[in-house]
Amino acid sequence: MKKVLLVLRDVMEVYLPIISFVFLFLAFILQVFFRYVVNHPLTWTQDVIVIGFCWSVILGACYTMRRKGHVQFTMLYEAYSPKIAAWARLLGNLLIIGTFAVMVIPSFKYAFFLGFQKTPVLRVSYTWIFLPFTYFLLSIIGYTIKPVIEDWKVITGKLDDAFDHRYDPLLGEVKR
């Protein structure tokens, strides 16, 4: 079961964003070609571009969070002692978890509420465009739980320091 869930996670966070970006890019090239070379603009390409952009950005952000690739402002955080840094990160992550948890049900309801509206040309339900945002919220919550547990262990003295507090991404190694 775990293996199936990991494959589904890869489908949602890796393969769907890649596929949606490829469709977005191809539609963009077609749109430019038909508008400026053939002088006969295509209408459906705009729908593909918007849907592809939404899915690429939202689902791609989940993968970026999994790989810890989001921008972090850590200059002050790195100057703190391990326990103070753990408290700072713990409070920030709890704020993220709380905010995103509050948004899960309303975003799910809103995505299905928009089901009656469809894109202008391809007639794709807006539910399919906005539903990935609910996955994004759940994914970010899931990826934030591990750092919360790690910071709690630092605060309670069960761990000397959090990994990201010791890791220097520029050097690609753990600080001593």
Side-chain angles (χ1 to χ4, degrees), residues 1-22 24 50-115 126-176:
M1 182 65 173
K2 182 178 180 181
K3 197 169 191 169
V4 170
L5 291 175
L6 291 175
V7 169
L8 286 174
R9 178 180 75 165
D10 279 345
V11 167
M12 290 297 291
E13 297 177 7
V14 178
Y15 302 117
L16 280 177
I18 289 171
I19 291 167
S20 64
F21 185 80
V22 167
L24 173 155
V50 170
I51 295 167
F53 180 78
C54 289
W55 280 38
S56 296
V57 170
I58 292 170
L59 296 175
C62 299
Y63 181 73
T64 304
M65 185 70 174
R66 180 191 339 174
R67 303 287 299 173
K68 300 182 186 329
H70 282 287
V71 174
Q72 296 179 1
F73 300 100
T74 60
M75 193 163 47
L76 290 175
Y77 169 75
E78 289 174 357
Y80 297 152
S81 70
K83 281 196 177 189
I84 293 174
W87 273 111
R89 192 172 84 156
L90 177 73
L91 293 174
N93 284 336
L94 288 176
L95 183 64
I96 289 169
I97 289 172
T99 303
F100 281 31
V102 167
M103 293 169 51
V104 169
I105 292 173
S107 71
F108 187 77
K109 286 181 178 179
Y110 186 71
F112 281 98
F113 166 73
L114 287 177
Y126 277 110
T127 297
W128 293 110
I129 298 170
F130 289 104
L131 202 54
F133 184 70
T134 304
Y135 177 84
F136 166 79
L137 295 172
L138 293 170
S139 175
I140 299 304
I141 290 168
Y143 290 132
T144 309
I145 291 172
K146 183 179 176 185
V148 165
I149 293 168
E150 185 177 88
D151 288 330
W152 186 249
K153 288 179 179 178
V154 171
I155 291 167
T156 59
K158 294 177 182 167
L159 189 63
D160 290 335
D161 199 357
F163 176 76
D164 79 322
H165 193 243
R166 295 177 290 143
Y167 181 75
D168 188 342
L170 295 175
L171 297 175
E173 60 187 37
V174 176
K175 300 176 207 169
R176 301 274 176 220

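In what follows, every heavy atom counts, from backbone to side chain, and hydrogens, waters and symmetry copies are set aside.
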Among residues at least two apart in sequence or on other chains, which ones pass ring pair (Phe, Tyr, Trp, His ring centres under 6.0 Å) with Y15? none

For F21, what residues pass the ring pair (Phe, Tyr, Trp, His ring centres under 6.0 Å) criterion, not counting sequence neighbours? none

Pairing residues for [X] by the side-chain contact (heavy atoms from CB on, under 4.5 Å) criterion, not counting sequence neighbours:
X    : value
L114 : Y110, Q117, Y126, F130
V104 : T134, L137, L138, I141
K158 : K153, T156
F136 : I58, A61, C62, F100, F133, I140

Decide yes or no for P147 and R89: does some side-chain heavy atom of the first lie under 4.5 Å from some side-chain heavy atom of the second? yes

When you compare the side chain of L90 with that of V148, does any pair of heavy atoms fall below 4.5 Å? yes

What's the shortest heavy-atom distance between [X] and [Y], and which atoms?
X    : Y    : result
V154 : P82  : CG1-O, 3.6 Å
W55  : P132 : NE1-CG, 3.4 Å
L24  : F53  : CD1-N, 3.1 Å
T127 : A111 : OG1-O, 2.6 Å

Pairwise distance [atom1]([X]) to [atom2]([Y]) - rounded to 0.5 angstrom:
X    : Y    : atom1 : atom2 : value
K3   : L8   : NZ    : CG    : 13.5 Å
S107 : F112 : OG    : CZ    : 10.5 Å
D151 : L91  : CG    : CG    : 9.5 Å
F108 : L131 : CZ    : CG    : 6.0 Å

Sequence neighbours excluded, every pair satisfying side chain to side chain donor-acceptor pair (under 3.5 Å) that has a member inside residues 56-67: D10-R66, E13-R66, S20-S56, R66-Y143

In chain order, what residues pass the salt bridge (Lys or Arg N to Asp or Glu O under 4.0 Å) check against R9, with sequence neighbours excluded? none

Counting only heavy atoms not in L94, do more than 12 sit closer than 6.0 Å to its CG atom? yes

